[in-house]
Protein chains: 2
Amino acid sequence: MVKNKYDSIYQDIAGQIETGKLKKHTKLPSENELAESYGTSRETIRKALNLLSQNGYIQKIKAKGSVVLDIGRFDFPVSGLTSFKEVAEKVGKPFTTTVHELYVMKPDDCLQTELKIPAKEDVWKIARTREKEGERIILDKSFFVKKLVPGLTKEICEDSIYEYLEKELGLNISFARKEITVEECTDEDRKYLDLKGYDHIVVVRNNVYLDNASVIEYTESRHRLDKFRFVDFARRSR
Amino acid sequence: MVKNKYDSIYQDIAGQIETGKLKKHTKLPSENELAESYGTSRETIRKALNLLSQNGYIQKIKAKGSVVLDIGRFDFPVSGLTSFKEVAEKVGKPFTTTVHELYVMKPDDCLQTELKIPAKEDVWKIARTREKEGERIILDKSFFVKKLVPGLTKEICEDSIYEYLEKELGLNISFARKEITVEECTDEDRKYLDLKGYDHIVVVRNNVYLDNASVIEYTESRHRLDKFRFVDFARRSR
DNA sequence: AAGTGGTCTAGACCACGAG
DNA sequence: TCGTGGTCTAGACCACTTC
């Protein structure tokens, strides 16, 4: 789904890097050459290259050129900004999702804060486990603002809520705040997960914002220690 | 240290948000108004606003305006892109750094890969612990390419290596790749840290790149479970 | 209809690296 | 000296929200 000119150039070059048509450690054509060959202005090329750089595909080196990087780019599926389904597919591992709870509730104080809603606003609670190779290793406890997501079903929760939000409801996810900590296991963890004796668990807390600045979702993603992996890029003084 | 026009506007507005002069949940002036009042073009204002948005200060809402967000923005000090000293100061907690090892060595296969160097290239090894409230809770094992950082001393390692790199050597940090996992404690962890009986530890692996695409540092930052916290923003299809 | 942010253009000058 | 990416400008049109 291409939105505009610089995005389509970004997709094009990213694709060439992923398929190996553009080789690691080689230089891209210069911005002027790219502008010429894509028939666009240099500023538009620069937007595409900045996207590539922000997503870890290339590094721009002043006065020299842009180099294709050789960095693995995919997280372990951490529920949140990119949908679980999306990341799981890229990582290429078969996950099974099971929905254990799906009902409407009133938010407690904590949820009111996390979702920025008043006490009377209805909230979906969803509890799901993710299973890989016969082991239930992730427990996702999600809370969605009902007003924004009226018709959730078990089928949608088993597939991809994000696809539903974006394709069916036309909502636009803007950004998420993630917080990662390690905590002691709860009885709920022990009930829903195959913990193999671990007494701690990695907790990823997630607040997801729409493009109109409202919070749509708060999720606690609870990962078994030994199966957790998170990868991140950070740029200096972006 | 202001570099250019859009950066100085970014610093200015970020400062106003941090000191509360610009209040949370209020709207910024429009881009046209800001361009006028800062005496610059709209594209330059947009660069500043994009920085604010990427760093979690504001959210831009199409056709409506930019809103000041109310999101806590600081990590627990995770060695890497922003220096430990820098983050520790923002978090406002007193940390003590102790240097346990500082010597030159030849890289093994693993280090050659992580630092992208040949076997004959010398490497600094530095082992440091970070202590807070009387407990040693972080063990940082760092490896720097000696050719790029000739004169390391115990004093520099106790203060801030990054300050030394940037201010003394004029090197420019560009970006870092972080990977977070949880692993079983090693004897080294038990030796250098106050583990309070925990048998697992959070490991943050870090490759830090310069602006000329060479790797300068590989660090393993080992955090006691209960004291680890990591905060991250992610934007959808940036 | 007016104002907003998002995209795009065609120029310009700069500092820096390489030959 | 020439080419590179980094910054900056002054315009333009669009889709969208608000009134």
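Per chain, numbering begins at 1; letters A, B, ... match sequence-line order.
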| remark: Residues at least two apart in sequence or cross-chain that pass side chain to side chain contact (heavy atoms under 4.5 Å, CB included) with Glu114(B), listed by chain then number, are Cys110(B), Asn207(B), Tyr218(B)
| Could you give the CG-to-P distance, from Asn212(B) to dG5(D), as a whole number of Å? | 15 Å
| note | Regarding the side chain of Ser41(A), the nearest nucleotide among dT9(C), dT7(C), dT9(D) is dT9(C)
| query | Quick one: Glu36(B) CD to dT9(D) P, roughly how many Å, whole number? | reply | 13 Å
| query | Which pair of heavy atoms, one from Tyr10(A) and one from Ala48(A), lies closest together, and at what distance? | reply | N-CB, 3.9 Å
| query | With Lys62(B), which residues qualify under salt bridge (Lys or Arg N to Asp or Glu O under 4.0 Å), at least two apart? | reply | none
| task | Using a 4.0 Å heavy-atom cut-off, write out nucleotides 12-19 of chain D from 5' to 3' as B (base contacted by protein), S (sugar-phosphate only) or - (no contact). | result | B---BSS-
| task | Would you please name every residue forming a side chain to side chain contact (heavy atoms under 4.5 Å, CB included) with Pro150(B), sequence neighbours left out? | result | Leu169(B)
| query | What integer distance in Å separates Lys47(B):NZ from dG6(C):C1'? | reply | 16 Å
| Got a salt bridge between Arg177(A) and Asp232(B), using NZ or NE/NH1/NH2 to carboxylate O under 4.0 Å? | no
| Does Glu121(A) have any salt bridge (Lys or Arg N to Asp or Glu O under 4.0 Å) partners at least two apart in sequence or in another chain, and if so, which? | Lys147(A)
| query | Is the phosphate of dC8(D), meaning OP1 or OP2, less than 4.0 Å from a side-chain N or O of Thr44(B)? | reply | no
| query | Between dC8(C), dT4(C), dG5(D), which one does the side chain of Asn32(B) approach most closely? | reply | dT4(C)
| task | Measure the distance from NZ on Lys60(A) to C1' on dG5(D) and round it to the nearest whole Å. | result | 6 Å
| Could you state the CD1-P distance from Ile45(A) to dT4(D), rounded to the nearest angstrom? | 13 Å
| task | Quickly work out the Tyr6(A) OH to dG6(C) P distance and round it to whole Å. | result | 9 Å
| said: Holding to side chain to side chain contact (heavy atoms under 4.5 Å, CB included), I want the full list of residues that pass it with Gln112(B), two or more places apart in sequence or in another chain. | reply: Pro107(B), Asp109(B), Ala119(B)
| query | For Asn50(B) and dC8(D), what is the distance between atoms CG and C1' respectively, to the nearest whole Å? | reply | 15 Å
| Is Thr40(B) near enough to dC8(D) that one of its side-chain N or O atoms lies under 4.0 angstrom from OP1 or OP2? | no
| query | Between dG5(D), dG6(C), dC8(D), which nucleotide has the shortest distance from any of its atoms to the side chain of Arg46(B)? | reply | dG6(C)
| For the pair made of CD1 in Ile58(B) and C1' in dG6(C), what is the distance, rounded to whole Å? | 14 Å
| message | Counting the atoms with a prime plus P, OP1 and OP2 as sugar-phosphate, which does Leu49(B) contact under 4.0 Å by heavy atoms, base, sugar-phosphate, or nothing? | response | nothing
